[in-house]
Amino acid sequence: MKEYSPKDIEKKWQDIWEKNEAFKTSDDYTMPKYYALVEFPYPSGQGLHVGHPRPYTALDIISRKRRMQGYNVLFPMGWDAFGLPTENYAIKNKIHPRIVTERNVERFKNQLKAIGYSFDWSKEINTTDPNYYKWTQWIFLQLFKKGLAYKTKMPINWCTGCKVGLANEEVVNGVCERCGSPVVRKEKTQWMLKITAYADRLIKDLDLVDYVEKIKVSQKNWIGRSEGAEVDFKLKGLDETLTVYTTRPDTLFGATYMVISPEHPLIDKYKDIIENYSEAVAYREEAAKKSDFERTELVKEKTGVEIKGIKAINPVNGNEIPVWISDYVLMSYGTGAIMAVPAHDERDWDFAKKFGLPIIEVVAGGSVQEAAFTDIKTGKLVNSDFLNGLDVTAAKAEIIKFLEEKGIGHKKVNFKLRDWVFSRQRYWGEPIPIVHCDKCGYVPIPEDQLPLELPEVESYMPTDTGESPLAAMTDWVNTTCPCCGGPAKRETDTMPQWAGSSWYFLRYIDPHNNDALASKEALEYWTPVDWYNGGMEHTTLHLLYSRFWHKFLYDLGIVPTAEPYKKRTSHGMILGENGEKMSKSRGNVVNPDDIVNEFGADTLRTYEMFIGAFDMAASWSQNGVKGCRRFLDRVWKLQELLVPGDSYSKEFETKMHQTIKKVSNDYEGLKFNTGIAALMALLNDFYAAKHINRAEFKTFLILLNPVASHITEELWEIAGFDGYLYQTKWPEYDESKTIEQSITIAVTVNGKVRGKVTINLDEDEESVKAKAHEEAGVKKFLEGKNIFKEIYVKNKILNIVVK
RNA sequence: GCGGAUAUGGCGGAAUUGGCAGACGCGCCAGACUUAGAAUCUGGUUCUUCGUGAGUGCAGGUUCAAGUCCUGUUAUCCGCACCA
């Protein structure tokens with residue numbers, strides 16, 4: 001027997017698979033299809049991380065198993081290659097980002113191939129390829145034509161380090177998600193995508209898909225739907241209405257002041273009337289200077305300025321109330337103005353306490369001078385005229401009816417979700433295919449001129465002015481208007497990294513199509529994605545953005561399904577040996593190449609699947625890796641125990657059927673750790689028996705093949721089984737043969753196990769009891785006692801209750 | 001603060017419907033092989049004062065029977081965070 005040498009056999013089989021196009025997706029659309037998708041990586045300079053193989057191996061297992069079960073499987077891979085780190089590296093080392101990207105992709109690809117994934121590489125895509133981003137730009141143009149892409153001046157999150165505008169989602173604790181520099185707000189004209197137009201459907205259609213519950217919850221929370229009302233307040237002595245949004249219109253009688261956001265237009269509109277205008281402006285400037293981080297840090301300490309010279313009128317009781325400015329009211333949510341009900345809102349309560357504003361109780365049940373009373377279940381309305389005595393729900397309905405009749409308010413649904421800031425002032429992204437003409441405004445580039453390719457520039461350095469490096473390319477920027485032929489300027493902002501990843505799963509389906517993002521027939525056959533697995537960190541943004549784009553394409557009739565992904569799961573993170581997140585600074589990073597070199601790809605694959613429950617975080621353990629290698633060594637040596645036999649032996653028949661069932665179900669249910677454990681246990685049984693027949697060996701190899709693909713293929717060949725293992729059919733099990741005919745059950749006395757008896761399947765209850773009473777361990781505990789009750793659960797347990 | 005999750009041996013983790021807690025792996029202990037070590041193989045391994053004992057973060061409850069169900073509570077992790 002040869003030594004087990006992963007180095008030799010893994011390369012050998014990877015070459016054979018490649019030469020045979022073993023995992024190429026078929027164009028036979030009569031076959032049942034299965035589309036398995038993993039998140040494509042950003043090809044960073046660091047190379048593959050041990051976190052990558054966890055989800056990749058998981059769906060590789062599913063894909064390999066499904067192929068053996070007769071499915072036409074699409075399991076593709078590609079590169080999400082636009083992005084800041086590449087650009088930053090390019091700037092630092094003066095290399096074109098395209099070259100950097102090529103190099104990184106090459107490295108990633110070699111690493112992935114060395115792990116032996118069954119990707120169909122003929123479907124490979126790269127978001128930075130002009131043939132790919134042609135269609136990213138095309139989708140953008142469709143959004144523009146439908147009015148879902150628009151340009152607006154707005155305060156953006158400005159990263160002081162990257163010198164680039166960030167989406168809200170990219171700001172973490174007030175600092176840039178990528179570089180950690182402080183983020184401040186800055187006014188800039190930006191391209192926006194109207195994702196809010198899809199907010200309702202993005203929530204409702206979650207009912208159509210099979211996502212793990214926590215993903216659905218986080219999608220819903222992010223969209224943040226809330227039901228309430230808009231109410232108009234008149235300003236005293238002015239022909240002006242200040243509209244607020246509230247989820248508690250029932251508390252309208254308790255509104256003792258109003259607050260508007262520092263950026264609210266009212267301030268400038270009435271600068272001549274506002275007695276302390278300069279104070280208001282100073283406050284606004286102070287607020288703008290604060291980074292979001294400082295704003296949230298100071299959560300407890302409320303600040304604000306009263307607007308002198310303006311009063312509002314509470315529309316239900318005619319009371320004159322002051323109007324304040326405070327940065328706890330956000331311009332970007334609701335109307336940028338609120339009615340403050342300090343008795344029943346914690347933030348208003350804090351503010352009122354600090355500035356000595358009146359607190360009027362309108363829902364009884366708490367002590368509002370001590371704390372805001374926010375319980376909406378138990379309270380009854382008081383001090384509220386016609387609402388008195390109602391509970392909160394009834395009062396809400398009543399007041400909305402009243403407001404609508406009087407024409408001073410109406411029911412309103414709001415979302416936390418905001419439109420998507422789609423501009424980046426960067427070089428390494430998709431150019432936005434729009435020109436600006438003084439006469440015609442924003443004009444789309446004709447579709448036949450796509451892709452609009454990135455020009456070669458001298459420097460990728462972003463500028464302090466906030467312009468993209470493309471702005472310096474005057475030859476490129478100055479162009480003619482496709483509409484009137486006059487002079488025009490190209491858009492110099494580029495798209496965010498999210499753009500390319502919002503539709504990549506559609507391009508995999510037909511990646512070389514020059515006439516459409518994918519052919520109609522291919523889309524009909526392959527969509528939706530049957531199973532999409534990715535990290536929890538992408539369950540809000542990427543998932544939401546791609547669902548939005550997909551729904552938009554669905555509305556255009558381009559894709560046949562309303563939802564892109566039928567099923568979505570998430571894997572847990574892989575932590576360092578010390579239980580902390582892997583990072584260079586902590587010195588606990590494990591490089592997958594080292595594991596492949598030292599132990600082999602099959603060991604890496606097996607270990608990452610055996611490490612623990614798939615959806616939970618798990619700590620790396622080098623000893624655990626060794627254990628998996630030991631398992632594969634023992635699998636290799638099974639050759640020595642091989643005996644003839646073309647059907648399962650009596651001894652192992654039940655076990656074989658049980659294991660086929662367990663492994664099949666466990667793989668499909670993402671319970672790889674217990675599936676592998678079952679194979680280890682079976683292996684131990686073969687060793688205990690000191691033999692395994694050819695039929696058993698064959699099944700064992702097939703079951704293990706999706707996990708440890710190379711070693712099983714090699715053993716298959718050595719044993720002289722027909723053809724290649726990857727072409728073999730997945731084994732079936734017979735349910736009736738998974739059931740043992742003779743079983744051992746526990747006998748408990750007063751709930752404690754005192755003995756065991758062996759019985760036949762479905763043995764008569766009286767006979768089981770008789771056996772149990774004679775069992776030595778049990779007998780001891782029955783002596784001198786009265787049997788009070790006996791509970792027999794068929795084929796499971798017998799509990800005897802004695803006194 | 002809000003939302004989600006987790007808590008089981010020395011460690012990673014198992015345990016369909018409530019029905020033998022600790023599968024499988026690591027580590028450790030003993031033995032075999034070896035001049036010796038490594039590797040490998042065999043056996044053992046929750047704790048224990050060894051009993052008719054205790055035991056799934058903690059305190060109660062339901063049940064013949066609870067890691068699993070109910071009430072309360074603590075700790076840790078993740079996400080969101082002034083969203084009116």
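For B:U35, there is no paired base (Watson-Crick or G-U wobble, both distances below 3.5 Å). B:C69 is paired with B:G61 under the criterion used here, namely a Watson-Crick or G-U wobble arrangement in which both key atom distances are under 3.5 Å. Across all strands shown, B:G25 forms a Watson-Crick or G-U wobble pair, both distances under 3.5 Å, with B:C11.
Nucleotides B:U71 and B:A23 have their C1' atoms positioned 32 Å apart, rounded to a whole Å. On the C1' atoms, B:C58 is 45 Å away from B:C41, given to the nearest whole Å. Spacing of C1' atoms, B:A5 relative to B:G43, comes out at 41 Å, to the nearest Å. As rounded to the nearest Å, B:A65 and B:U49 have C1' atoms that lie 29 Å from one another. Taking atom C1' on both nucleotides, B:G12 is separated from B:G4 by 24 Å, rounded to a whole Å. Here the separation of B:U68 from B:G79, taken at their P atoms, is 29 Å to the nearest Å. Nucleotides B:U56 and B:C20 have their C1' atoms positioned 15 Å apart, rounded to a whole Å.
When the P atom of B:A84 is taken as reference, atom CD1 of A:I376 falls 12 Å away, rounded to whole Å. Atom-to-atom, CD of A:E577 to P of B:C26 comes out at 15 Å; the value is rounded to the nearest Å. The distance from atom CH2 of A:W222 to atom P of B:G4 is 17 Å, rounded to the nearest whole Å. Rounded to whole angstrom, the span from the CG atom of A:N221 across to the P atom of B:G1 amounts to 18 Å. Regarding A:Y687, its OH atom lies at a distance of 18 Å from the C1' atom of B:G43, rounded to whole Å. A straight line from CE of A:M536 to P of B:U6 spans 12 Å, rounded to a whole angstrom. Per the geometry, CZ belonging to A:F610 stands 14 Å off P belonging to B:G12, to the nearest Å. When rounded to the nearest whole Å, the span between CD of A:E608 and P of B:C26 equals 18 Å.
Residues A:N684 and A:R634 share a closest heavy-atom pair of OD1-NH2, 2.8 Å. For the pair A:T243 and A:T335, the tightest heavy-atom approach, listed with the atom from each and the gap, is O-OG1, 2.6 Å.
Among the protein residues, A:A340 comes within range of no part of the nucleic acid, since none of its heavy atoms lies under 4.0 Å from any strand. A:V217 comes within 4.0 angstrom of the backbone, heavy atoms only, and of no base. In this structure, A:K416 reaches the bases: a heavy-atom distance under 4.0 Å links it to at least one base atom across the strands shown. Nucleic acid contact class of A:S218 (heavy atoms, under 4.0 Å, all strands): none. Nucleic acid contact class of A:K671 (heavy atoms, under 4.0 Å, all strands): sugar-phosphate only. Here A:R629 lies out of heavy-atom contact (under 4.0 Å) with every strand. Across all strands, A:R225 comes closer than 4.0 Å to no nucleic acid atom at all (heavy-atom distances). Contact annotation for A:G624: no contact, since no heavy-atom pair falls under 4.0 Å across all strands. Residue A:S226 is classed as a sugar-phosphate contact, given heavy-atom separations below 4.0 Å to backbone atoms only.
B:G61 takes the anti form, because its glycosidic angle lies more than 90° either side of 0.
Taking the six-membered ring where the residue is Trp, A:F351 and A:Y257 present parallel rings, their angle staying beneath 30° rather than reaching 60°. The aromatic rings of A:W324 and A:F355 are tilted relative to each other, their planes meeting at an angle between 30° and 60°.
Put simply, the side chain of A:K302 and the base of B:C82 share a donor and an acceptor less than 3.5 Å apart. Interface remark: the A:K789 side chain does not form any donor-acceptor pair with the B:C64 base, using a distance-only criterion of under 3.5 Å. The base of B:U17 sits with one of its N or O atoms less than 3.5 Å from a complementary donor or acceptor on the side chain of A:K796. The base of B:C26 is not paired with the side chain of A:N623 by any donor and acceptor separated by under 3.5 Å.
Between A:F672 and A:F610, the gap from one ring centroid to the other reaches at least 6.0 Å. Ring pair A:F686/A:F652: centre-to-centre distance below 6.0 Å.
With sequence neighbours excluded, the residues that form a salt bridge (Lys or Arg N to Asp or Glu O under 4.0 Å) with A:E765 are A:K769.
Using a 4.0 Å cut-off, some side-chain N or O of A:R630 falls inside it from OP1 or OP2 of B:G27. At the phosphate of B:A84, OP1 or OP2 sits under 4.0 Å from a side-chain N or O atom of A:Y333.
Comparing A:D348 and A:M680 by the nucleotide of RNA chain B whose heavy atom lies nearest to each, the residue mapping closer to the 5' end is A:M680.
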